[in-house]
Amino acid sequence: MSLGNNIYRLIIDIIQGSATLYMFLILIRSLMTWLKQDVIVRFYGFFNVVAKITDPFLNMVRKIFPSYMGRVDLSPIIALMLVEVLKYLLIYGVKLFYKL
């Protein structure tokens with residue numbers, strides 16, 4: 001394989017891995033709302049880091065797509081779909097760039 005193919009593959013892998021990790025963090029963040037308070041306190045450091053990473057994006061999604069279903073927060077589902085779409089757009093852009 002040439003160096004160009006290796007870089008291309010590395011960029012694709014980084015995009016896919018980053019998107020998967022961020023989606024996993026969004027899932028953890030949404031599941032945190034179901035945990036009892038003593039569990040949250042016990043693992044506060046971990047949950048605080050997850051919240052700091054995911055809350056800005058989730059808050060942006062909540063502003064763009066406000067919840068009209070009462071107490072049901074659909075922002076994690078919408079955020080997961082947006083991350084997936086963004087992942088495919090980035091991969092498509094990289095493929096177009098490397099074809100030139």
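Computation of the quantities below employed the complete heavy-atom set of this structure, encompassing side-chain atoms and omitting hydrogens, waters and symmetry-equivalent molecules.
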Got a second to check how far [X]'s [atom1] is from [Y]'s [atom2], nearest 0.5 Å?
| X | Y | atom1 | atom2 | value |
| --- | --- | --- | --- | --- |
| Asp55 | Ser75 | CG | OG | 9.0 Å |
| Phe57 | Ile78 | CZ | CD1 | 10.0 Å |
| Leu82 | Ile64 | CG | CD1 | 7.5 Å |
| Asp13 | Ile91 | CG | CD1 | 9.0 Å |
| Leu80 | Leu74 | CG | CG | 11.5 Å |
| Leu90 | Gln16 | CG | CD | 11.0 Å |

Exercise for the section: Mark yes or no for whether Tyr8, through its side chain, and Val94, through its backbone, hold a donor-acceptor pair below 3.5 Å. Expected result: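 Judged by distance alone, no pair lies under 3.5 Å.
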
Problem - Any donor-acceptor pair under 3.5 Å from Asn48 side chain to Tyr44 backbone - result: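 No; judged by distance alone, with no hydrogens or angles, the pair does not exist.
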
According to a 4.5 Å side-chain heavy-atom criterion applied to Ile, Leu, Val, Met, Phe, Trp and Tyr, with indirect links allowed, do [X] and [Y] form part of one hydrophobic cluster?
| X | Y | answer |
| --- | --- | --- |
| Tyr88 | Leu21 | no |
| Met23 | Leu89 | no |
| Val85 | Val61 | no |

Practice task
Would you mind telling me which of Ile14, Ile7, Asn6 makes a side chain to side chain contact (heavy atoms under 4.5 Å, CB included) with Leu10?
Solution key: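 Of the listed residues Ile14, Ile7, Asn6, the side chain to side chain contact (heavy atoms under 4.5 Å, CB included) partner of Leu10 is Ile14.
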
Practice task
Would you mind listing every salt bridge (charged side-chain N to carboxylate O under 4.0 Å, His left out) that reaches into residues 73-85, with sequence neighbours excluded?
Solution key: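 Sorted result for residues 73-85: Arg62-Asp73, Glu84-Lys87.
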
Handout entry: Minimum heavy-atom distance Thr54-Tyr22, with the two atoms named
Key =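 Taking Thr54 first and Tyr22 second, the nearest heavy atoms are CA-OH, 3.6 Å.
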
Practice task
Could you check if a side-chain atom of Asn5 sits within less than 4.5 angstrom of a side-chain atom of Tyr98, using non-hydrogen atoms only?
Solution key: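 No; the side chains remain at least 4.5 Å from each other.
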
Enumerate, atom names and distances included, each donor-acceptor pair closer than 3.5 Å involving a side-chain atom of residues 30-43, sequence neighbours excluded.
unit_1 : atom_1 : unit_2 : atom_2 : d
Ser30  : OG     : Ile26  : O      : 3.4
Ser30  : OG     : Leu27  : O      : 2.9
Thr33  : OG1    : Ser30  : O      : 2.7

